[in-house]
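Heads up: the structure comes next, in structure tokens.
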2 protein chains.
Amino acid sequence: MHTPSLTEDQGISRIERLCIERGLKMTGQRRLIARVLSESSDHPDVEELYRRAIARDDRISIATVYRTVRLLEEKGILERRDFGGGRARYDQADRGHHYHLIDVDTGKVIEFADERLEALLGRIAGDLGFRLEDTRLELFGRRQPEAPAPVRPRGKPQRQE
Amino acid sequence: MHTPSLTEDQGISRIERLCIERGLKMTGQRRLIARVLSESSDHPDVEELYRRAIARDDRISIATVYRTVRLLEEKGILERRDFGGGRARYDQADRGHHYHLIDVDTGKVIEFADERLEALLGRIAGDLGFRLEDTRLELFGRRQPEAPAPVRPRGKPQRQE
DNA sequence: ATACTTGCAAAAGCTTTGCATTTTT
DNA sequence: AAAAATGCAAAGCTTTTGCAAGTAT
């Protein structure tokens with residue numbers, strides 16, 4: 001077994017494929033970030049992405065992570081989120097509409113989707129005379145201690161951070 | 001008619017009253033900010049509050065505006081919002097629950113309240129095993145040009161910026 | 001008199017950018 | 001070869017803070 005390097009590829013990650021589809025010039029750094037993102041199922045901030053990247057190969061600077069993440073956002077591959085705490089966090093864009101509930105005690109992020117919610121928001125905007133372009137929604141909650149046999153959520157929760 | 005000064009009061013503003021109730025030490029600067037806030041029905045950022053304040057009396061610094069606004073937030077008199085654009089904006093806390101729809105073309109902010117929405121969000125959180133502590137919701141929309149005789153909104157819109 | 005508030009300028013924290021150099025296409 | 005990406009350090013922005021001086025209770 002040998003150490004994978006920056007320029008050598010070992011299969012194309014999901015996000016790298018998206019980058020190629022959109023015609024991005026693929027450098028070793030971008031491949032590395034694409035791989036790190038593809039393997040992340042949470043919502044890392046730039047600092048964290050940078051940490052995960054240099055753990056694999058340190059020929060990358062944090063400026064490049066910032067630039068790449070912004071580029072991927074512009075290309076619709078990533079979505080920028082704000083969960084509080086002052087830094088932007090990133091989420092893969094193509095996992096279907098979902099929202100986030102942040103556990104205020106632990107900081108954990110729970111994703112959920114909900115069609116009733118989606119429909120209601122669209123209707124509200126429409127009633128005000130607007131076509132909904134974007135929704136920013138974060139719920140902050142505290143785990144219910146007295147949970148009376150936790151009901152199965154209807155909103156198909158997707159993944160936890 | 002004469003020029004009102006920093007230390008002289010001309011009636012107590014709504015927000016000043018709240019400050020006093022919560023036992024804040026009332027300086028001329030705080031009275032000034034309280035008055036500016038009381039007379040604002042939009043969602044100013046700190047820079048804008050500072051501008052409005054010095055227009056009345058310039059014996060105040062922006063550091064004090066930052067400190068005061070933070071204090072008022074801690075005391076539950078103001079709520080901090082993020083409508084994009086990188087700076088925090090402030091909203092009086094006691095006007096009942098409402099949400100915001102931002103016109104992406106003009107930046108105008110429309111407030112609305114909606115009980116169905118409120119109920120649904122609470123239910124969603126509950127289904128996930130959480131008690132809802134706080135909601136951050138902003139809708140971004142574009143005015144519908146082909147508005148077929150604008151329907152009266154149901155969600156009792158409150159005020160416009 | 002004591003504890004708190006203010007101003008100023010400096011510092012912090014996140015993010016962007018200018019420029020010379022390297023890399024991709 | 002031309003166009004674009006990278007690294008580094010510097011700069012940008014909003015917001016916070018240390019400290020000496022001033023003010024409210």
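Each chain gets a letter, A, B and so on, in the order the sequences are listed, and its residues count up from 1.
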*Which residues satisfy the side-chain contact (heavy atoms from CB on, under 4.5 Å) test with R67(B), sequence neighbours excluded?*
A63(B)
*Provide, to the nearest angstrom, the distance between the CD atom belonging to E16(A) and the C1' atom belonging to dT24(C).*
14 Å
*Interatomic distance, L71(B) CG vs dT17(D) C1' [rounded to whole Å]*: 16 Å
*Please name all residues satisfying ring-ring contact (aromatic ring centres under 6.0 Å, His included) with Y90(A), sequence neighbours left out, ordered by chain then number.*
none
*Those residues that, when tested against Y66(A), pass ring-ring contact (aromatic ring centres under 6.0 Å, His included) (two or more places apart)*: none
*L49(A) has an atom CG; how far is it from atom P of dC14(C), in whole Å?*
14 Å
_Output the rounded distance in Å from CG (L32(B)) to C1' (dT6(C))._
13 Å
*Should L78(A) and L71(A) be marked as a side chain to side chain contact (heavy atoms under 4.5 Å, CB included) after you check the CA-CA gap, both sets of side-chain angles, and the distance that decides it?*
CA-CA 9 Å; L78(A) 290 183; L71(A) 180 67; over 6 Å; no
*asked:* Nearest whole Å is fine: how far is dG7(C) P from D57(B) CG?
replied: 10 Å
*Just how far, in rounded Å, is P of dT15(D) from CZ of R81(B)?*
16 Å
*What pairs with R51(B) under salt bridge (charged side-chain N to carboxylate O under 4.0 Å, His left out), at least two apart in sequence or on another chain?*
E48(B)
*Rounded interatomic separation in angstrom, taking CZ from R22(A) and P from dA4(D)*: 20 Å
_With each end axis built from five pairs of C1' atoms, what bend angle do you get for the helix from dA1(C)-dT25(D) to dT25(C)-dA1(D)? Round to 10°._
40°
*Determine yes or no for a side-chain-to-main-chain donor-acceptor pair under 3.5 angstrom, with R14(A) supplying the side chain and S38(A) the backbone.*
no
*Listed nucleotide nearest any side-chain atom of S61(A), set dC8(D), dT6(C), dT25(C)*: dC8(D)
_Base-contact (B) and sugar-phosphate-only (S) positions in nucleotides 15-22 of chain C, heavy-atom cut-off under 4.0 Å, - elsewhere_ = BBBB----
*Given that V65(A) and K25(A) both sit by DNA chain D, which one's nearest nucleotide is further toward the 5' end?*
K25(A)
*Using only side-chain N and O atoms of Q29(B), determine if any of them is under 4.0 Å from OP1 or OP2 of dT23(D).*
no
*Would you say R35(A)'s side chain and G11(A)'s backbone share a donor-acceptor pair under 3.5 angstrom?*
yes
*Dump the intermediate steps for side chain to side chain contact (heavy atoms under 4.5 Å, CB included) on F112(A) and L139(A), then the final yes or no.*
CA-CA 10 Å; F112(A) 67 92; L139(A) 268 25; 3.6 Å; yes
_dT6(C) OP1/OP2 closer than 4.0 Å to side-chain N/O of T27(B)_ = yes
*Just how far, in rounded Å, is C1' of dC14(C) from CZ of R51(A)?*
14 Å
*With R52(A) as reference, evaluate D58(A), D42(A), D45(A) under the salt bridge (charged side-chain N to carboxylate O under 4.0 Å, His left out) test and give the passing residue.*
D42(A)
